[in-house]
Structures are given as C-alpha cells and as structure tokens.
Engineer: 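Starting off with a structure, shown below.
We count ligands from 1, going down the list as the structure has it; atoms in each ligand are counted the same way. We use all heavy atoms of the structure for the numbers below, so side chains are in, but hydrogens, waters and symmetry mates are not. Just so you know, these numbers come straight off a predicted model, no measurement behind them.
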Amino acid sequence: MAQYPTKRLRRLRLNPLMRDLVRETSLTKNDLIYPLFVVPGEKIKKEVKSMPGVFQMSVDLVVEECKEVESLGIPAVILFGIPNHKDEVGSGAFDPNGIIQQAIRAIKVNVKKLLIITDVCLCEYTSHGHCGVLQGENILNDKTVSLLAKEAVSHAEAGADIIAPSDMMDGRVYAIRKALDYKGFQNIPIMSYAVKYASGFYGPFRDAAESAPAFGDRRSHQMDIANCNEALREAESDVEEGADMIMVKPAGAYLDIIYRVKEKFGMPTAAYQVSGEYAMIKAAGKNNWIDEERVMIESLIAIKRAGADMILTYFAKDVAKFLDNN
Ligand SMILES: [Zn+2]
C-alpha cells in the first residue's frame, strides 16, 4: 500500500472539476418527493406557522402547485388531507368524495407528468387524532387494518399512482395489497412507511396536518427511537407482505437505520426528512446562524449517502431550483 509522501489524498480535492469527477454521491431532481397538505374550500393558501414556506392549500391551489412542481422537474408529490369532518373511525379517509380523492382527481385532469403518492392513515380523519379505531385508549389493530385497506382502494379508484401506508399497524401492507389486487389495481405499488419512529421531530407536522392526538401519544405503534434490530424486523415484515418500496422516517437522525435497511434488503428505499428537520434548518437559516441553502443540500446528500434512493422533503422545490442554477 502506498504511503505518504507518495499517497496524498488532497490531490483529488484541489479544484472543483477534480472534486466533481470523483464525487461519490449525487443529489438529483429524480430523488425528490414533495409533500402537500390539502384543505377543503377554495382559494385557500395558509402558511404553516412552524414550517415557513409550507402551506395548507385548497384543491384548486394544490393543482396550481402541482403544475409548478411538474415544471420544476420533480417526479412525485405525496398528499396529506385535512377533512371538513372528523369522526371516531375516520370515515373521511375512505369517502369517495373525501378531500384526498377530490385532490387526486383534480390533479390528474390538469397535470400529466407527476406521480401522486397518497399517505394512508386514519389520524388526520379521526376525531381523537389517533391512527386507528379505538377501544378505550387502545388502537384495535385488525379493525384499523381493514379500514386502511378501504382507504387505499379509494385512493386508487380516484387515480393515485402509489399507496403509502404510514400507520404502523401490523399486517397492513398485506391487507392493502390484497384489497388493491382484488379491485384490479395489481399494478399500483405500495411504498410502506416500514420503519417509523415515535419521534419528537414530527412536531410541526401536527400543525400542518392538524392531527395531534387528543390524549396519549403514538408509542403503542410507532417504534422506540432506541431500537435498530427491530427496524430490520419491521422492514422485513413489510417486504414479505409485498411492499414495493420501503421508507425510514425520520431521516437525518436515523442515517444508521437507512444504511442498515438498504444494506440488508436492497429495496428501493425512501427516507422522510420530516417537519422538525425542515423547521430547524429554516429557523437557523432565518437567523443567519447557518447558511440555509448549504445545510439543506448537505442534509439531503447525507441521507442519500446513507443509502436512500429517494427523499420526501419540504425542500423539494428549493432543491430543484438550486439544481437548475448550479
Ligand atoms: Zn397516523
């Protein structure tokens, strides 16, 4: 093995062209998925206080937003719905005229080159804000799973391209796959939130999706932040049940998990750079404590370097613009 002074690692860092030539990880527009929050009404565009630059939008304006996202060259959006009406079982989630179903149909009419991913869970639709049907303070797994399957089918019927269950119930990927196939949607892929931690980084999202639980928290179904082997078992279940892509959420503080999941399963792997990750970079950037653009890119490159093939990020539009100009 060559040693110093013949070996000099700095040789390949001495100018930008050389650095470009040997760079190991790249970030491209094809890696980006942009989350959108849909609310009832018309001409509504309301900024989420804890997430500057992120808005709740009515269907008409979500369509306009999707046109812009398409023109920026971002391949996919993921939709979250805030319904007019919430009830015990979250029936807005599988209403054929629900907020997400309306949004999908309207986007599909107006925007051709954009994949629509839909988040499948009940927490945005239940009056208690929990991810499933309750008995006392317990979430009933199997009853919830059958409603999630109904929700997934209803999204597919409206025109969704990819179904993304985020609930963390056991057996939901299999139930959703079976229900989709039964209704003739064999070709719609499932991107499962396979490894989703009970994380404090979700704080701002709860404002955006108006889905904070009325009591308790989500630790009975989301994963313990301290566990890693369990993450592999969660991912394994979803892969065995028929997930086409798997996700790790959050991303930035869980790079080891992304790395291990990608290493072990070699599946198309998504990572969700969540609201709190975005909010921290935004807030520090606004205060000029960090260079926001630089840290934005660094945070996303790190997620790709860990092994993610695609990233759900609120920065997607900013990144696309950055890539156009650099
Ligand atoms: Zn949920």
Engineer: Thinking salt bridges, do Glu241 and Arg172 make one under a 4.0 Å N-O criterion?
Structural biologist: no
Engineer: I'd like to know if the side chain of Asn227 pairs up with that of Arg233 as donor and acceptor (distance under 3.5 Å, no hydrogens or angles considered).
Structural biologist: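 No - no donor-acceptor pair under 3.5 Å links their side chains.
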Engineer: Would you please say whether a donor-acceptor pair under 3.5 Å links the side chains of Asp119 and Ser166?
Structural biologist: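 Distance-only check passes for Asp119 and Ser166.
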Engineer: If we count only N and O atoms by modelled type, under 3.5 Å, do the side chains of Ser299 and Gln273 hold a donor and an acceptor together?
Structural biologist: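 Gln273 and Ser299 do have a side-chain donor-acceptor pair below 3.5 Å.
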Engineer: Would you check if there is a donor-acceptor pair between the side chains of Ser154 and Gln101 at a distance under 3.5 Å?
Structural biologist: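 Yes, because at least one side-chain N or O of Gln101 sits under 3.5 Å from a partner of the opposite role on Ser154.
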Engineer: Check ring pair (Phe, Tyr, Trp, His ring centres under 6.0 Å) between Tyr314 and all other residues, then give those that pass, not counting sequence neighbours.
Structural biologist: Tyr278
Engineer: Only protein N/O/S atoms count here: give how many lie under 2.8 Å from the Zn ion (ligand 1).
Structural biologist: 3
